[in-house]
Asker: 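This is the structure I have questions about; it appears just below.
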Amino acid sequence: MKIGLFGGSFDPVHLGHLLMAQAAREEVGLERIFFVPAAHSPFKPEGHPAEAEKRLLLLRLALAGDTGSEVDDVEIQRGGVSYTVDTIRSYAAKFPGAELFYLIGADNTAQLPKWRESTELAKLAEFLVIPRPGEPTAPLPAPFRGRVLKGFPLGVSSSEIRARVKAGLTIRHLVPGSVAEAIHNYRLYL
Ligand code: ATP
């Protein structure tokens, strides 16, 4: 079985994220994709993400009815700083024999050697890199394995969504309608 893992802050989830998963499913034939929101990203130490329950709720709304995608709150339950290697290890134990793939945006590729236990990480999963407009798509640094996908390059980011909400601009067509409605109703990112 081919399993995709997709970690991120998802603060909030947006159409760029959803199209990354779609590209991975279509181009690599992933059977299941798990979206794994981080409790705290090691690379965003100054950030104060929206509370985990809200980020989870937005993800669940975004993925409602999408049978190939699931939300896993393992990193939120674990709490503290979220390290991908811990999460991938838990998947390797839970799905012995499965091929594990980890989705990342092109803006993250160069950072991979700085991720915790990078050598071990590179052994546990193949990395699927999705091009991101405005970011060079560099090849994966050794010893990481994987490939760059064609994807659906989309210049949307969570920070842009947060900035637009704060500025009173519409986020229609940048996030699913249900997510836009929940952001409005819970008065997030104001
Ligand atoms: P922020 O703007 O707050 O930094 P983000 O939009 O990058 O957030 P994250 O949840 O931090 O969203 O990203 C999770 C993963 O998805 C990262 O690997 C990131 O590179 C990737 N990603 C997010 N948006 C895109 C996009 N539009 N195209 C390609 N990759 C993306």
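Note that ligands are numbered from 1 as they come in the structure, with each ligand's atoms numbered from 1 the same way. All residue numbers refer to positions in the sequence shown, counting from 1.
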Asker: May I ask you to say whether Arg32 pairs ionically with Glu70, meaning some side-chain N is under 4.0 Å from a carboxylate O?
Answerer: yes

Asker: Anything under 30° is parallel, anything over 60° is perpendicular, the rest tilted; go ahead and classify His17 against His14.
Answerer: parallel

Asker: Over 60° means perpendicular and under 30° means parallel, so classify the ring planes of Phe43 and Trp115, tilted if in between.
Answerer: tilted

Asker: Heavy-atom cut-off of under 4.0 Å around ligand 1: list whichever protein residues fall inside it, by chain and number.
Answerer: Phe6, Gly7, Gly8, Ser9, Phe10, His14, Gly16, His17, Met20, Lys44, Ile104, Gly105, Asp107, Asn108, Ile130, Pro131, Arg132, Leu154, Val156, Ser157, Ser158, Ser159, Arg162

Asker: Only one of Phe101, Phe144, Phe6 forms a ring-ring contact (aromatic ring centres under 6.0 Å, His included) with Phe127, so which one is it?
Answerer: Phe144

Asker: Judged by atom type as modelled, is there a donor-acceptor pair below 3.5 Å linking the side chain of Arg164 to the main-chain atoms of Thr170?
Answerer: yes

Asker: How far apart are the C-alpha atoms of Arg78 and Thr87, what are their side-chain angles, what is the distance that settles it, and do they pass the side-chain hydrogen bond (donor to acceptor under 3.5 Å, both in side chains) test?
Answerer: CA-CA 10 Å; Arg78 201 190 299 138; Thr87 304; 3.0 Å; yes

